[in-house]
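What follows is one structure encoded as structure tokens, with my remarks underneath.
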Amino acid sequence: MKILVAVKRVVDYNVKVRVKADNSGVDLANVKMSMNPFCEIAVEEAVRLKEKGVANEIVVVTIGPTAAQEQLRTALALGADRGVLIESTEELNSLAVAKLLKAVVDKEQPQLIILGKQAIDSDNNQTGQMLGALTGYAQGTFASKVEVAGDKVNVTREIDGGLQTVALNLPAIVTTDLRLNEPRYASLPNIMKAKKKPLETLTPDALGVTTSSTLKTLKVEAPAARSAGVKVKSVAELVEKLKNEAKVI
Ligand code: AMP
């Protein structure tokens, strides 16, 4: 079985993001970039399926600038076999990303496609679902367990107030939730080996996909600064403040 994993280059989750002075977006100058955490979980799941003998090839794909090769190399060091970079410096919306991924699916014909449930920069939570619509494949979103059984994949989904298990006919799309697995760290020898693994670079044009956006970001704002807290001396003072200052009781 061939697995395709989509990974996104995002601002590292430890970085406190700064909004640009003109409110046009987030300042990316000299900011540490990493693989989106949910995509790390997607890579880990694919590697585990390969280790179990369920999969025999893992192709990892990203859409982004030349530097997004770094995230592909990380995925290769974690156990993916081959990388595909679709080079684009545009700010792409989810539909454009899903169309590009669909073109890669058509080319690679994977049996299983694993994505993160959401990218932590845009918080869109829609690329996997859109790819599901474009391909017509079954989708299991917010997966906390994935088991391939013959020509089906059973996906346990985290839903409000519980878990739901669905059986999807392959080929299928899975998006990962936080509890699916705990990603491993890449070892130094594997980081070295990853440098020699194949990495193909494509363009949206070469895939015949137009990426023009139907959406424009008007403004990005930082959350309002929180005012400093105060220490109260007694419960009575706390109740008084909650009643008369915060007006919440
Ligand atoms: P989103 O719908 O933007 O929240 O992203 C959900 C998932 O779609 C991510 O975790 C990735 O697996 C995939 N994805 C989104 N953007 C990209 C991208 N530029 N390149 C590759 N995969 C992406």
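Counting convention: from 1, in listed order, for ligands and their atoms alike. If you read the sequence from its start, that first residue is 1, and numbering goes on from there.
For ligand 1, none of its N or O atoms has an N or O atom of K8 under 3.5 Å away. Annotation: A119 places an N or O atom under 3.5 Å from an N or O atom of ligand 1; distance criterion only.
For ligand 1, the atoms closer than 4.0 angstrom to any heavy atom of Q126 are 2 (O). Every atom of ligand 1 with a heavy atom of L115 under 4.0 Å away is listed here by number and element: 8 (O), 12 (O), 13 (C). Heavy-atom contacts of A6 reach the following atoms of ligand 1: 11 (C), 12 (O), 22 (N) (cutoff under 4.0 Å).
Applying the salt bridge (charged side-chain N to carboxylate O under 4.0 Å, His left out) test to pairs two or more places apart or on separate chains, those with a residue in residues 153-172 are E158-R179.
Residues Q109 and V105 fail the side-chain proximity criterion, which asks for heavy atoms closer than 4.5 Å.
Taking 4.0 Å as the cut-off, S122 counts as a neighbour of ligand 1 on heavy-atom distance. Within the structure, the closest approach of C39 to ligand 1 falls below 4.0 Å when heavy atoms are considered.
Judged by distance alone, the side chains of D123 and Q118 do bring a donor and an acceptor atom under 3.5 Å apart. Side chains of N154 and E147: a donor-acceptor N/O pair is absent below 3.5 angstrom, by distance only.
With distances taken over non-hydrogen atoms, the option nearest atom 20 (N) of ligand 1 out of I86, T127, I63 is I63.
Scanning all protein heavy atoms for the shortest distance to atom 7 (C) of ligand 1 gives G116 O, 3.2 Å.
With respect to K241 and E245, a salt bridge is recorded, a charged nitrogen being found less than 4.0 Å from a carboxylate O.
Counting heavy atoms under 4.0 Å from ligand 1, residue N36 touches it through the side chain alone. Residue-level proximity to ligand 1 for V97 is carried by the side chain, the only part with a heavy atom below 4.0 angstrom. For L92, no heavy-atom contact with ligand 1 is shorter than 4.0 Å.
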**Request:** Any chance you could lay out the side chain to side chain donor-acceptor pair (under 3.5 Å) test for D22 and S24, step after step, and finish with the verdict?
**Result:** CA-CA 5 Å; D22 64 359; S24 62; 2.7 Å; yes
